[in-house]
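What you see is a predicted model, and the numbers here were worked out from it, not measured in a lab.
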Amino acid sequence: MAAITCYRKKRNLLLLTLLWGLVIVALLHLYSQHMEEESKSFGYYIKSRLLLQKLIDSHTPLPETKVTAVSPLEELLLLEPKVDKSPVLTEDQVIQEIQRKLPSLPITFWNQYKNKAMYFKNSSCARLPSIFELEFNNIYWQTLRTSNGTFQLFGAYYDIRKLSRIGPALRILGMINRIEPAVKTYCQMWFDNLKEPALVKVMEYKYIWHKKWGNYKQDIYQPYLIACQIPVKYHKLIPKSVSLVEKPCDIATNNLRVIYNLPSKKKDFAVCVKGLDFLHEDISVRLVEWIELLGILGANKIFFYQLQVHPNISKVLAYYEDQGRVEVTPLTLPGGQPNIPNFQHMYLIKKVNHKRQNELIPYNDCLYKNLYNYKFIALLDTDEVIMPLGTSSWHKLMDKILPKAFAVKNETSASYNVRNVYFLDDLLHEHGWFKNIPRYMHMLQHVYRSKNFTKPNQYVKCFHNPERVLTLHNHFPLACLASSCTSYAINTTDAQLQHYRADCVRTLKKSCVEYRQNSVIDTTIWKFKDALIARTAKSLKELGFFGS
């Protein structure tokens with residue numbers, strides 16, 4: 001019995017020892033977990049502390065205070081979003097910005113007289129329309145709806161050229177969905193400090209097209225230049241704005257600012273470029289080379305019109321616009337024509353005659369904006385250059401050409417045309433690259449051309465005389481002042497139109513085989529090589545095309 005009792009005591013002692021050991025192990029495990037959590041909290045504190053140190057000026061000494069951990073919410077509260085905190089524009093600043101973006105809108109003139117009684121005889125007749133009553137179409141156009149056709153108006157210009165037989169006049173550029181429009185319309189001309197407008201019947205709808213070229217149909221928007229004579233009693237005044245209406249007393253749905261740019265001194269050469277349609281094709285580097293070459297040749301300014309372009313092209317244009325070397329005018333197609341980027345691009349490719357008719361608006365707007373600013377205006381595409389031969393600039397070329405033209409006909413010509421020759425892309429590829437010229441210099445690399453020029457008067461480009469030209473087409477003037485549109489053909493020994501293309505135009509597909517088979521090397525452009533490489537590289541570097 002005593003043995004059994006002794007055995008039980010030993011067993012109980014062993015169980016008690018084992019149980020105590022388990023308790024000790026459990027306590028050690030809990031302590032280990034607690035220390036691990038403390039370590040994590042300390043790490044978070046260190047990270048938060050470092051973040052706070054970055055937010056505080058490193059030169060400001062920190063006070064000796066007890067640091068506490070920062071929660072994620074508190075960390076977010078310390079952040080400050082970078083938003084534009086520029087002051088809100090004043091009304092005058094808003095008006096200036098609108099005027100810049102819509103140069104054809106007479107918003108400054110309207111704002112000056114908006115609270116004054118401006119009408120003819122009574123308030124129900126020919127009242128100065130509010131800019132909020134105007135009917136706009138596709139941003140840059142203003143509309144007149146008549147009993148026989150709709151007018152989409154783009155710009156108005158003051159014409160006091162000496163050779164104009166109608167005397168001082170307003171010219172309005174736009175498109176009408178009629179051929180040979182018969183509806184009678186009137187100009188309401190507004191002047192500074194005059195309560196009443198001058199009411200003048202439209203004198204002429206000048207068609208800027210030939211019916212033999214196609215699209216001679218009703219309901220297709222056709223390009224026109226509309227003329228209104230300025231009455232003698234207003235000859236000493238410059239109109240500020242003009243509205244086109246069907247009846248003299250109508251309250252107008254359009255009002256165009258009259259453009260009259262008169263410089264202190266006339267410059268030599270302007271270049272006008274039709275609406276750019278390079279939505280997906282990045283020609284930015286080639287465009288830089290082209291702009292720099294025209295600058296070397298003597299172009300004082302290049303006037304671009306922009307439909308849809310690649311972002312890199314926009315960057316290039318903005319760069320040169322900041323320098324004052326180019327001017328960019330945004331452009332849309334009027335009426336029901338598409339302006340959604342990809343759709344518009346397809347439309348212009350498929351509807352070639354529509355495309356060509358629309359191009360006449362920027363060409364003639366460029367002419368009339370610069371009537372008095374330049375001696376010569378050239379209409380060029382970005383793949384074309386009028387290259388002087390035997391002289392080093394356009395100025396020296398024209399000094400040489402003008403006496404020759406006078407010898408043929410004793411009068412100033414309306415234009416001076418240069419014959420076209422193709423520098424096709426694949427002619428270079430047959431001969432390889434020139435190692436001392438950067439490969440990105442497209443024109444300097446492509447010095448193989450077709451031996452033969454296109455025929456005289458076909459695909460030419462001109463230096464136009466703005467004193468003589470009334471309406472312009474891509475290749476020649478369509479109508480002129482004083483007499484017929486005389487055009488002097490510059491000899492191919494004096495200048496040539498260098499046309500850089502992958503292929504010939506569609507109408508010359510058959511001739512293109514001959515052009516390719518008969519090629520010659522023509523390094524005329526190389527006389528500008530060093531200057532052109534240096535200028536192009538400098539601009540590309542500043543534009544960031546070479547990376548950092």
Looking only at non-hydrogen atoms, find the nearest pair between [X] and [Y] and report the distance.
X	Y	result
L367	P466	CD1-CB, 4.0 Å
R178	Y224	O-OH, 2.9 Å
M175	P223	CE-N, 3.9 Å
R419	T454	NH2-O, 3.0 Å
V183	S147	CG2-OG, 4.2 Å
Q222	K217	NE2-O, 3.2 Å

With a 3.5 Å cut-off and no angle check, do the side chains of [X] and [Y] form a donor-acceptor pair?
X	Y	result
R356	N474	no
E246	T185	no
Y157	D365	yes
T524	D522	yes
N255	S241	yes
N452	E514	yes

Practice problem: Step by step, work out the side-chain hydrogen bond (donor to acceptor under 3.5 Å, both in side chains) result for N417 and S415. | Solution: CA-CA 6 Å; N417 69 82; S415 66; 5.4 Å; no

Does atom [atom1] of [X] have more than 12 heavy-atom neighbours from other groups under 6.0 Å away?
X	atom1	value
K267	NZ	no
K451	NZ	no
K101	NZ	no
K351	NZ	no
K266	NZ	yes

Quiz item: Between K206 and L478, is a side chain to side chain contact (heavy atoms under 4.5 Å, CB included) present by the stated rule, with each step listed?
Solution: CA-CA 10 Å; K206 192 72 178 178; L478 288 181; over 6 Å; no

Roughly how far, to the nearest 0.5 Å, is the [atom2] atom of [Y] from the [atom1] atom of [X]?
X	Y	atom1	atom2	value
E411	F406	CD	CZ	8.5 Å
E135	L153	CD	CG	10.5 Å
L402	K404	CG	NZ	11.5 Å
C480	H464	SG	NE2	9.5 Å

With no hydrogens and no angle check, is any side-chain donor or acceptor of [X] less than 3.5 Å from a backbone partner on [Y]?
X	Y	result
R257	L105	no
R165	A482	yes
Q229	I166	yes
E321	V328	yes
N300	D268	yes
Y368	L470	yes
E204	L225	no
Q188	A252	no
D159	A169	no
R161	V469	yes

Self-check item: Intermediate values then yes/no, side chain to side chain contact (heavy atoms under 4.5 Å, CB included), I525 and L293
Solution: CA-CA 9 Å; I525 193 175; L293 178 59; 3.9 Å; yes

Is there side-chain contact between [X] and [Y], with at least one heavy-atom pair below 4.5 Å?
X	Y	result
N373	K301	no
T253	R145	no
L331	P362	yes
F151	L244	yes
H442	W290	no
N358	Y221	no
Q357	I220	yes
P231	V200	yes

Quiz item: Given the rule in the side chain to side chain contact (heavy atoms under 4.5 Å, CB included) test, do V408 and S413 qualify, once you have shown the distances and angles that lead to the verdict?
Solution: CA-CA 10 Å; V408 174; S413 296; over 6 Å; no

Quiz item: Picking from T332, L333, L276, what satisfies side chain to side chain contact (heavy atoms under 4.5 Å, CB included) with L307?
Solution: L333

Exercise. Give the intermediate values and the outcome of ring pair (Phe, Tyr, Trp, His ring centres under 6.0 Å) for residues Y372 and Y260.
Key: CA-CA 9 Å; Y372 315 105; Y260 177 49; 5.5 Å; yes

Is the [X] ring parallel, tilted or perpendicular to the [Y] ring (thresholds 30°, 60°)?
X	Y	result
Y422	Y515	tilted
W213	W209	perpendicular
Y216	Y207	tilted

Practice problem: Give the C-alpha distance, both sets of side-chain angles, the deciding distance and a yes or no for ring pair (Phe, Tyr, Trp, His ring centres under 6.0 Å) between F463 and F269. | Solution: CA-CA 9 Å; F463 289 118; F269 297 95; 5.3 Å; yes

Quiz item: Of H499, E384, Q498, which is the lone residue that meets side-chain hydrogen bond (donor to acceptor under 3.5 Å, both in side chains) with N420?
Solution: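 Exactly one option meets the side-chain hydrogen bond (donor to acceptor under 3.5 Å, both in side chains) with N420, and it is H499.
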
Practice problem: Start with the C-alpha gap between M398 and K375, add the side-chain angles, then the distance that decides, and say whether side chain to side chain contact (heavy atoms under 4.5 Å, CB included) holds. | Solution: CA-CA 11 Å; M398 295 311 294; K375 296 175 183 175; over 6 Å; no

Exercise. Might you work through the side-chain hydrogen bond (donor to acceptor under 3.5 Å, both in side chains) test for T412 and E467, ending with a clear yes or no?
Key: CA-CA 9 Å; T412 303; E467 293 289 339; over 6 Å; no

